[in-house]
Visitor: 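I am attaching a structure below and will ask some questions about it afterwards.
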Protein chains: 2
Amino acid sequence: MSAIESAIPMASPYLPLFRRYLRQQGLPVTQQREVVADVVFTSSGHLSVEEIESRLKERGERIGKATIYRTMEILVRSGLVEDHDFGDGFKRYEHLFGHHPVREHLICTHCRTVTEVQDRQVERLQGELARRHGFLAARHRLEIHGLCADCQAGGVTLQYKGLTCPALDVA
Amino acid sequence: MSAIESAIPMASPYLPLFRRYLRQQGLPVTQQREVVADVVFTSSGHLSVEEIESRLKERGERIGKATIYRTMEILVRSGLVEDHDFGDGFKRYEHLFGHHPVREHLICTHCRTVTEVQDRQVERLQGELARRHGFLAARHRLEIHGLCADCQAGGVTLQYKGLTCPALDVA
DNA sequence: TTCAATGCAAAGACTTTGCAGATGC
DNA sequence: GCATCTGCAAAGTCTTTGCATTGAA
């Protein structure tokens with residue numbers, strides 16, 4: 001192995017894909033881009049930029065936030081990574097290897113844990129709704145908000161703080 | 001009509017609900033809260049704070065942004081208004097009167113138009129997925145991203161900019 | 001009168017941008 | 001070598017917070 005091909009020990013087997021994408025686009029394959037991509041490719045779950053940054057630090061890499069943001073933009077554009085917005089006020093990123101793209105999420109409103117769920121029916125539903133509106137569907141995202149099993153077991157209850165039946169009860 | 005009951009001309013018939021909620025919670029019913037709520041109740045679609053602010057200016061109201069944010073928080077808590085995050089980098093608000101809560105959205109990736117869609121199947125699916133994971137579902141949100149009919153007619157095409165088949169094509 | 005809300009401006013959190021120096025090709 | 005990237009810091013955007021003043025009850 002040459003130094004160029006194995007600059008990163010235990011690099012993700014998917015890293016070459018990103019290299020190829022960069023070359024296809026005429027973009028330089030820099031060390032920073034490779035390391036950032038590798039962190040994302042070798043992590044599971046939904047990473048925030050802050051989490052990516054701290055994993056880089058664990059590896060002894062000192063890469064500026066701006067570079068991380070710029071690299072994430074390219075990764076998303078490449079189709080190798082997807083970004084999510086769960087309403088935390090910042091984006092989260094997830095690589096698309098190793099499983100069918102899962103876009104169904106159970107989000108706990110109490111502990112903010114996000115659980116991935118797989119279901120083929122949503123795919124079908126997406127097609128049906130899109131067709132009905134002349135819409136060309138590319139991807140979907142289903143979020144179900146509520147309480148996870150752990151929080152329920154911990155005694156947390158789901159309280160609806162609003163009015164019981166607004167429309168029927170004009171005083 | 002007393003001045004108190006009709007401070008706002010052509011006020012939304014739902015305004016009294018918000019007044020009642022405030023009293024229930026022991027919160028003062030202020031002019032600002034009423035006007036902000038009325039703007040939201042009498043508008044359709046998904047309003048950003050900036051849009052709310054400009055509609056207030058059109059009415060000749062001069063209400064600080066902080067007050068708008070604080071009022072929106074209460075409105076969401078009251079259950080009369082729902083907040084959305086379509087990934088624009090800011091929240092949007094929608095009152096829940098006049099129709100079933102619609103949480104299915106077709107989002108055009110080109111012109112960013114959001115179309116509401118109604119479908120009962122999603123409700124059923126939510127229950128099913130939640131049950132399967134011991135999750136207590138409160139609400140859901142289904143976003144389908146793609147190209148709207150108008151943009152398609154306008155010649156916009158949905159291009160996948162990434163690699164054709166990443167996992168099978170490691171070079 | 002008394003407690004809370006308002007409005008302003010400052011601070012905060014996340015993200016983007018500008019530019020001098022470094023690096024890929 | 002030339003174009004592009006990187007890293008830092010500054011700026012930008014949306015949102016929250018602190019505090020003196022105003023207002024509801």
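So you know, we letter chains A, B, ... as the sequences are listed, proteins then strands, and number each from 1. Scope of the values below: all heavy atoms of this structure, side chains included, with no hydrogens, waters or symmetry mates.
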Visitor: Any Lys/Arg nitrogen of E61(A) or K57(A) sitting under 4.0 Å from an Asp/Glu carboxylate oxygen of the other?
Guide: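 K57(A) and E61(A): not salt-bridged.
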Visitor: I'd like to know if the side chain of H46(A) pairs up with that of E116(A) as donor and acceptor (distance under 3.5 Å, no hydrogens or angles considered).
Guide: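 Indeed, the side chains of H46(A) and E116(A) share at least one donor-acceptor pair under 3.5 Å.
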Visitor: Rounded to whole angstroms, how far apart are CG on D88(A) and C1' on dT15(C)?
Guide: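 Those two atoms, CG and C1', are 15 Å apart.
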Visitor: Between dT15(C), dG7(C), dA4(C), which one does the side chain of F90(A) approach most closely?
Guide: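 Output: dT15(C).
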Visitor: For I68(B) and dG7(C), what is the distance between atoms CD1 and P respectively, to the nearest whole Å?
Guide: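 Roughly 9 Å, once rounded to whole Å.
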Visitor: Determine the contact category for R70(B): base if any of its heavy atoms lies under 4.0 Å from a base atom, sugar-phosphate if only primed atoms, P, OP1 or OP2 are that close, otherwise nothing.
Guide: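 Base, at least one base atom sits under 4.0 Å.
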Visitor: Using only atom types and a distance under 3.5 Å, with no angle test, would you say the side chain of Q152(B) pairs donor to acceptor with the backbone of G134(A)?
Guide: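 Side chain of Q152(B) to backbone of G134(A): a pair is present.
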Visitor: Rounded to the Å, how far apart are H84(B) NE2 and dC14(D) P?
Guide: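 H84(B) atom NE2 is separated from dC14(D) atom P by 19 Å.
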Visitor: Can you check whether T67(B) has a side-chain N or O nearer than 4.0 Å to OP1 or OP2 of dA5(C)?
Guide: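 For T67(B), the contact criterion (side-chain N or O under 4.0 Å from OP1 or OP2 of dA5(C)) is not met.
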Visitor: Does the plane of the ring in F97(A) sit parallel, tilted or perpendicular to the ring in Y14(A)? Use 30° and 60° as the thresholds.
Guide: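 If you compare the ring of F97(A) with that of Y14(A), the planes turn out parallel.
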Visitor: Choosing from dG7(D), dG7(C), dG24(C), which nucleotide comes nearest the side chain of T30(A)?
Guide: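 That would be dG24(C).
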Visitor: Rounding to an integer number of Å, can you tell me how far D83(A) CG sits from dT16(C) P?
Guide: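 Answer to the nearest Å: 10 Å.
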Visitor: What is the distance, rounded to the nearest whole Å, between atom CD of E51(A) and atom C1' of dC14(C)?
Guide: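 Rounding to the nearest Å, CD of E51(A) and C1' of dC14(C) are 14 Å apart.
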Visitor: Quick one: which of dG7(C), dA5(C), dC14(D) gets closest to the side chain of Y69(B)?
Guide: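 Looking only at heavy atoms from C-beta outward on Y69(B), the closest nucleotide is dC14(D).
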Visitor: Closest nucleotide of DNA chain D for V49(B) versus for V29(B): which of these residues is on the 5' side?
Guide: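 By nearest-heavy-atom nucleotide position, the 5'-most residue is V49(B).
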Visitor: Choose from dT15(D), dT6(C), dC5(D) the nucleotide whose nearest atom is closest to any side-chain atom of K91(B).
Guide: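 Nearest to the side-chain atoms of K91(B), counting from C-beta on, is dT15(D).
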Visitor: Rounding to a whole Å, what distance do you find between Q31(A):CD and dT23(C):P?
Guide: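 Checked: the CD to P distance equals 8 Å.
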Visitor: Figure out the CD/C1' separation between E34(B) and dA5(C), and round it to whole Å.
Guide: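 Answer to the nearest Å: 14 Å.
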Visitor: Classify the side chain of R33(A) versus the base of dG24(C) as yes if they form a donor-acceptor pair under 3.5 Å and no if they do not.
Guide: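 Result: no qualifying N/O pair found.
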Visitor: dG7(D), OP1 or OP2 - any side-chain N/O from Q32(A) closer than 4.0 Å?
Guide: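 Checking Q32(A) against dG7(D): at least one side-chain N or O falls below 4.0 Å of OP1 or OP2.
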Visitor: Tell me: CD1 of I52(A) to C1' of dC14(C), nearest whole Å?
Guide: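 It is 14 Å, rounded to the nearest whole Å.
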Visitor: Going by an N to O cut-off under 4.0 Å, is there a salt bridge joining R92(B) and E51(B)?
Guide: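 Salt bridge flag = yes for E51(B) with R92(B).
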